[in-house]
Every structure is written in structure tokens, then in C-alpha cells.
Amino acid sequence: MAFHLPFFKSSDEADTAAQKTATNDFDRTIELGVSGMTCDHCVAHVTEELKALPDVGNVSVTLNSGGTSKVLVYTDHDIADEALREAVSEAGHYTVESIVR
């Protein structure tokens, strides 16, 4: 069951806004499946660490508390899988389950 925080858009709204942002502002989107996030603090930590990576323009998270959350990373350049995994790990006890380019 997906859990949406009040200050986040619904998954349909977030997906639509995210697609528009990716299309208009960035060359590519990298989708991460991240487990271990349960609350808004988790989202903030993961977002902060990913945004700190070079070439990351924006990050959007659809929280799925207790499951695999969808994290979209918007960029103009490719980012190595290991750099993405390290950033998520640095944020806390979270695991990148999948990376889709």
C-alpha cells in the first residue's frame, strides 16, 4: 500500500509533473527502486544525498512505506550505478533494489 505525505502530490500527479520536468528540463531520468524508506524524514535524507551528486538536477520520490519506493533522478548526464547506490546508502539504512534507465 502506497503512503503519500500531505505535502507530496498523488502518484498520478507526481508522475505527470515529473514527466513534464524530465521532458522540459533534463535529458534523462533514472528510476531507482529504494527499500527501507518509511516516512518524510527518509524521503528528505535520500533526496538530499542524491541532489548532492554532480549533474543531478532534481529528485522526485513516491514513498511506499514498508515496500519499494520510486525515486526519479533527473539529470543531463549519466550517473554511475555505484554513485547512486552510495548516495542512497549514505542517507541511511536504505537499499537500491533496482535501477532503470
Can you list the residues that meet the side chain to side chain donor-acceptor pair (under 3.5 Å) rule with [X], with sequence neighbours excluded?
X: Ser35; answer: Glu97
X: Asp55; answer: none
X: Asp76; answer: none

Is the shortest heavy-atom distance from the side chain of [X] to the side chain of [Y] under 4.5 Å?
X: Met37; Y: Val71; result: yes
X: Val61; Y: Lys70; result: no
X: Val34; Y: Thr68; result: no
X: Asp27; Y: Thr75; result: no

What do the steps show when you test Ile30 against Leu72 for side-chain contact (heavy atoms from CB on, under 4.5 Å), and what is the final call? CA-CA 6 Å; Ile30 303 169; Leu72 300 176; over 6 Å; no

List the atom of [X], the atom of [Y], and the distance in Å for their closest heavy-atom pair.
X: Gly57; Y: Phe26; answer: CA-CE2, 3.4 Å
X: Gly36; Y: Cys42; answer: O-SG, 4.4 Å
X: Ile79; Y: Val73; answer: CD1-CG1, 4.3 Å

Any donor-acceptor pair under 3.5 Å linking the side chain of Ser69 with the backbone of Asn64?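 Side chain of Ser69 to backbone of Asn64: a pair is present.
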
Show me the pairs that pass side-chain hydrogen bond (donor to acceptor under 3.5 Å, both in side chains) and involve residues 79-95, at least two apart or across chains.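 Applying side-chain hydrogen bond (donor to acceptor under 3.5 Å, both in side chains) to every pair that reaches into residues 79-95, excluding sequence neighbours, yields Asp81-Arg101.
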
Could you give the side-chain donor-acceptor pairs of residues 45-52 under 3.5 Å, partners two or more places apart or in another chain?
from  : atom 1 : to    : atom 2 : distance (Å)
His45 : ND1    : His41 : O      : 3.2
Thr47 : OG1    : Val43 : O      : 2.8

Between CG of Leu53 and CG of Leu84, what distance do you get to the nearest 0.5 Å?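 It is 6.5 Å, given to the nearest 0.5 Å.
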
